[in-house]
A.B. asks: 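Could you have a look at this structure, given as structure tokens, before my questions?
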There are 2 protein chains.
Amino acid sequence: MRADAKRNYDRVVASAGDVVAEQGADASMRDIARRADVGLATLLRHFPTREALLEALLRRRFDALAERAESADPAQLPAETLKDWLREFVVGAATYRGVVELMTAAIDEPGSALHASCTRMRAGGAALLARAQEAGVARADIDGTDLFALASATAWLRSQPALDSRADHLSTLMMSIIIDDGAPATVD
Amino acid sequence: MRADAKRNYDRVVASAGDVVAEQGADASMRDIARRADVGLATLLRHFPTREALLEALLRRRFDALAERAESADPAQLPAETLKDWLREFVVGAATYRGVVELMTAAIDEPGSALHASCTRMRAGGAALLARAQEAGVARADIDGTDLFALASATAWLRSQPALDSRADHLSTLMMSIIIDDGAPATVD
DNA sequence: ACCTGAACACCGTTCAAGT
DNA sequence: ACCTGAACACCGTTCAAGT
């Protein structure tokens, strides 16, 4: 990549971070380009789709989440490990408004830019779930796809501005579907 | 209302029903007007906002749902009554893609055209929930707003095309947060 | 009273022209 | 190689002109 191209790329990503944080995942691409002091066409050549741009924003976080699941400490309590992971999944998926919708759509659309990170996260979550199920601390009649869906629904609740004040309570309730370790489930 | 105005009004509602069923709640208003063989400006004078148009589409169903909660048979089992009502709430809120988002937003925006029906439904649900809680068959640490939120999250899951095949299973799981009557919760 | 076409300021897509 | 302005077909909003 040429030096000026790299510079533009970085400016766009930085600008997108700001604008998407303000306006959500359906923010105006023109707006993002404007704030990056870049032509709209330039933005679109670096990121041909909206999802490609969001992927650049979310990749780091999503990859970290997948790795964390893959290299989970087997000595830790399975319920705690799963709970911690879910908590971070939900926070990650709720950082920008409108991202959860794109994730659930992307996971069965192989063409989507978000597809890879989403399937990888689902696999990671499924492994943690299986360990918890074997230990008898997670509900037995759910699989990785259910887990991904329920965690997404939790993130969806979290990203509704109207429900901001009870976000933690609702997350705790959602958690209680999945985990059953005797202790009262909690998010904080 | 003049005869021709009434005719246009009805044409628009009918057309909106079709288009919104196909494209979701963010369908193009121009498209709806076109299919109704009406000028866009005419549509917008009958329904100044998108929510006003959706309200016309959903009113009947939402009012029926509220009435049903208000006049629930006290002889019936509280858990069954609540379960049946939730089931219908979820189906109603998931008929059109994108409606749940509008509902959760509308419930704390008194200006919204959907505000009245949503608050009335929440009140109805809260009453059924209270009866179930007194009978000890519903979780004690939730209120009407939580119930509305959880039912909305269920409807959200149901309106994700990618999750179509496990919609019933996910609804059952969500139900299990709220109701606890010993019997395995189920939606069908 | 009610309807409508047209002007307006937006949007994302596409591409020929520029460095 | 990379960038960009401009044309295009859309969108919802607004309003003057028509019946």
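Any value given below was found using the heavy atoms of this structure, including those in side chains, with hydrogens, waters and symmetry copies removed. Lettering follows sequence order; numbering is per chain, from 1.
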A.B. asks: 5'-most contact on DNA chain C: A:Asp26 or B:Gly39, nearest heavy atom basis?
C.D. replies: B:Gly39
A.B. asks: Indicate, with a heavy-atom threshold strictly under 4.0 Å, whether A:Ala27 touches base, sugar-phosphate, or nothing.
C.D. replies: sugar-phosphate
A.B. asks: At less than 4.0 Å, is any side-chain N or O atom of B:Ser28 found next to OP1 or OP2 of D:dC10? Yes or no.
C.D. replies: no
A.B. asks: Does the plane of the ring in B:Tyr9 sit parallel, tilted or perpendicular to the ring in B:Phe47? Use 30° and 60° as the thresholds.
C.D. replies: tilted
A.B. asks: A:Arg139 and B:Ser176: which non-hydrogen atoms are nearest, and at how many Å?
C.D. replies: NH1-OG, 3.2 Å
A.B. asks: Any residue in residues 5-18 of chain B with a heavy atom nearer than 4.0 angstrom to DNA chain C? Just list them by number, or reply none.
C.D. replies: B:Ala5, B:Asn8
A.B. asks: With both distances under 3.5 angstrom, what nucleotide forms a Watson-Crick or G-U wobble pair with C:dG5?
C.D. replies: D:dC15
A.B. asks: For A:Arg30 and D:dC8, what is the distance between atoms CZ and C1' respectively, to the nearest whole Å?
C.D. replies: 11 Å
A.B. asks: Between atom OG of A:Ser112 and atom CG of A:Leu102, what is the distance when rounded to the nearest 0.5 Å?
C.D. replies: 7.5 Å
A.B. asks: CD1 of A:Ile32 versus C1' of C:dC10: gap in Å, rounded?
C.D. replies: 15 Å
A.B. asks: Starting at CG of A:Leu150, measure out to CG of B:Leu157 and round the result to the nearest 0.5 Å.
C.D. replies: 6.5 Å
A.B. asks: Without decimals, in angstroms, what is the distance between B:Arg34 CZ and D:dC11 C1'?
C.D. replies: 10 Å
A.B. asks: Testing B:Asp10, B:Asn8, B:Asp4 for side chain to side chain donor-acceptor pair (under 3.5 Å) with B:Lys6, which one passes?
C.D. replies: B:Asp10
A.B. asks: Could you check whether A:Arg120 pairs with A:Asp63 (Lys NZ or Arg NE/NH1/NH2 to Asp/Glu carboxylate O, under 4.0 Å)?
C.D. replies: yes
A.B. asks: Who is the Watson-Crick or G-U wobble partner of D:dC10, with both distances under 3.5 Å?
C.D. replies: none
A.B. asks: Between CG of B:Leu82 and CZ of B:Arg131, what distance do you get to the nearest 0.5 Å?
C.D. replies: 9.5 Å
A.B. asks: Within this structure, what is the CG-to-P distance between A:Leu40 and D:dC8, rounded to whole angstrom?
C.D. replies: 17 Å
A.B. asks: In whole Å, what is the span from the CD atom of B:Glu51 to the P atom of D:dT13?
C.D. replies: 12 Å
A.B. asks: Measuring from atom CG of B:Asp143 to atom CZ of B:Arg122, what distance do you get when rounded to the nearest 0.5 angstrom?
C.D. replies: 8.5 Å
A.B. asks: Would you jot down, in residue-number order, the residues of residues 41-50 of chain A having a non-hydrogen atom under 4.0 Å from DNA chain D?
C.D. replies: A:Ala41, A:Thr42, A:Arg45, A:His46
A.B. asks: Can you tell which of D:dT13, C:dG12, C:dC2 lies closest to the side chain of A:Met29?
C.D. replies: C:dG12
A.B. asks: Which nucleotide, D:dG12, C:dT13, C:dA1, lies nearest any side-chain atom of B:Arg2?
C.D. replies: C:dA1
A.B. asks: Salt-bridged, B:Asp73 to B:Arg68, with N to O below 4.0 Å?
C.D. replies: no
